[in-house]
Engineer: 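Before I ask anything, here is the structure I am working with.
Given the structure is predicted, the values throughout are model-derived calculations rather than measurements.
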Amino acid sequence: MMYDPTEHRIRSFVTRAGRLSLAQRRALEQLGPQFLLPFAKTPLDFARIFGRCAPTILEIGFGMGDTTSHIAKSMPETDFIGVEVHTPGVGSLLKQIGEQDLTNLRLIQHDAVEVLTQMIAPSTLAGVHVFFPDPWHKARHNKRRLLQAPFVKLLAQRLAPGAYLHCATDWQEYAQQMLEVLGAESALQNTADGYAPQPDYRPLTKFENRGLRLGHGVWDLVFVKKS
């Protein structure tokens, strides 16, 4: 029987209501119809969505969207799809899309596992970004972590040969688990001997800068799908 990651699983997130600012609410109303893709149980046609054929990168859990908008603006030749469940974050990134005229970015407000399973065809992504997922640092909550073997296998199936998976975390124990799980996936190959140098395209966040000043570590992992 084929594994279905959406069946009987423990979710890696808790839905928080959050307060919408007036600007976020306005962005949802005005820009949502154009840039927010509805969840559907059919694979996306990237060329139709963006009006061109270009490499497409998926970001899972973009938070308030600052990193996502920075990367999309710096890589206009690449298309991006951001997935996030929290409404204020979606509103925040829609606002940035409008302010920066980011025509190469679309958003989906839905559970990433279901998006990957239903909306992304196998071997179609040029890359996947998973930056600072919830570490669920209490031992009894570790099972809620997003990056576990079944999900990594699903990610690998959606990557095109030679495409990359870039993860980052500031929680060392989670970084170690990521390294073990990614390293155990036979379809992926590590680009470094362990953790990778921070790629130039990933900017330092305010939170990350504050942590680095306090002596906290940040770990990047970059794997590629074997051809």
Side-chain angles (χ1 to χ4, degrees), residues 12-24 27 57-76 78 80 82-100 102 104-105 107 112 127-148 151-152 155 164-183 190-224:
S12 64
F13 61 88
V14 174
T15 303
R16 299 184 299 272
R19 295 185 63 179
L20 277 172
S21 70
L22 184 60
Q24 290 166 357
I57 292 173
L58 183 78
E59 180 173 0
I60 297 171
F62 57 74
M64 299 307 286
D66 295 343
T67 294
T68 313
S69 63
H70 175 97
I71 295 175
K73 186 173 183 179
S74 68
M75 299 172 65
T78 301
F80 294 87
V83 180
E84 176 59 62
V85 294
H86 300 300
T87 304
V90 174
S92 173
L93 187 47
L94 284 170
K95 177 173 175 285
Q96 294 174 67
I97 287 174
E99 292 170 345
Q100 302 178 44
L102 300 175
N104 62 331
L105 181 54
L107 311 183
V128 173
H129 296 166
V130 187
F131 299 149
F132 305 100
D134 193 328
W136 292 102
H137 56 274
K138 293 182 180 178
R140 68 178 184 273
H141 291 155
N142 285 176
K143 60 182 178 290
R144 289 184 174 271
R145 287 176 174 171
L146 179 67
L147 287 162
Q148 305 202 47
F151 185 65
V152 170
L155 289 175
Y164 72 94
L165 168 60
H166 179 190
C167 305
T169 182
D170 58 353
W171 194 264
Q172 185 173 13
E173 192 267 333
Y174 197 7
Q176 293 167 348
Q177 179 191 326
M178 287 182 183
L179 189 59
E180 292 172 4
V181 173
L182 295 175
N190 198 343
T191 63
D193 183 15
Y195 302 109
Q198 179 189 335
D200 291 339
Y201 59 79
R202 186 178 75 75
L204 289 176
T205 65
K206 293 178 183 177
F207 173 80
E208 190 176 355
N209 269 317
R210 185 166 64 248
L212 290 171
R213 286 197 300 272
L214 294 171
H216 301 167
V218 175
W219 294 267
D220 286 83
L221 304 93
V222 182
F223 282 68
V224 295

Engineer: If I compare all heavy atoms of Met64 with all of Pro88, which pair ends up nearest, and what's the gap?
Structural biologist: CE-O, 3.8 Å
Engineer: In chain order, what residues pass the side-chain contact (heavy atoms from CB on, under 4.5 Å) check against Asp66, with sequence neighbours excluded?
Structural biologist: Gln96
Engineer: Tell me every residue that passes salt bridge (Lys or Arg N to Asp or Glu O under 4.0 Å) with Asp220, counting only those two or more places apart in sequence or in another chain.
Structural biologist: Arg202
Engineer: Which atom names give the shortest non-hydrogen contact between Arg145 and Gln148, and what distance separates them?
Structural biologist: O-NE2, 2.9 Å
Engineer: Could you tell me the separation between the CE atom of Met178 and the CD atom of Gln172, rounded to the nearest 0.5 Å?
Structural biologist: 12.5 Å
Engineer: State the CH2-CH2 distance between Trp171 and Trp219, to the nearest 0.5 angstrom.
Structural biologist: 10.0 Å
Engineer: From Ile57 CD1 over to Leu105 CG, what is the distance, rounded to the nearest 0.5 angstrom?
Structural biologist: 11.5 Å
Engineer: Ignoring hydrogens, what is the shortest heavy-atom contact between Pro133 and Leu147? Give both atom names and the distance.
Structural biologist: CG-CD1, 4.4 Å
Engineer: Check whether any side-chain heavy atom of Leu146 lies under 4.5 Å from a side-chain heavy atom of Asp134, and answer yes or no.
Structural biologist: no
Engineer: Evaluate the side-chain proximity of Leu58 to Leu155: yes if any heavy-atom separation is below 4.5 Å, no if none is.
Structural biologist: no
Engineer: Rounded to the nearest 0.5 Å, what separates atom OG1 in Thr169 from atom OH in Tyr195?
Structural biologist: 9.5 Å
Engineer: Considering residues at least two apart in sequence or located in another chain, which fulfil the side-chain contact (heavy atoms from CB on, under 4.5 Å) criterion with Ser21?
Structural biologist: Ala23, Gln24
Engineer: Show the nearest heavy-atom pair for residues Thr191 and Ala196, with the distance to one decimal.
Structural biologist: OG1-CB, 4.5 Å
Engineer: Of all residues at least two apart in sequence or in a different chain, which pass the side-chain contact (heavy atoms from CB on, under 4.5 Å) check with Asn104?
Structural biologist: Arg52, Ala72, Asp79, Phe80, Leu102
Engineer: Test of understanding: with side-chain contact (heavy atoms from CB on, under 4.5 Å), list the residues that count as partners of Glu59, not counting sequence neighbours.
Structural biologist: Phe62, Thr68, His129, Phe131
Engineer: Would you say Tyr201 and His166 make side-chain contact, with heavy atoms under 4.5 Å?
Structural biologist: yes
Engineer: Kindly compute the distance separating CG (Leu221) from CG (Leu182), expressed to the nearest 0.5 Å.
Structural biologist: 6.0 Å
Engineer: Would a 4.5 Å heavy-atom cut-off, applied to side chains only, mark Val218 and Leu204 as touching?
Structural biologist: no
Engineer: Please give me the minimum heavy-atom distance between His70 and Pro203, naming the atom from each residue.
Structural biologist: CD2-CG, 3.6 Å
Engineer: Please identify each residue that fulfils side-chain hydrogen bond (donor to acceptor under 3.5 Å, both in side chains) with Gln198, with sequence neighbours left out.
Structural biologist: none
Engineer: Is the side chain of Ser92 donor-acceptor paired with the backbone N or O of Gly65 at a distance under 3.5 Å, no angle test?
Structural biologist: no
Engineer: Could you grab the distance from atom CD1 of Ile71 to atom OG1 of Thr78, nearest 0.5 Å is fine?
Structural biologist: 10.5 Å
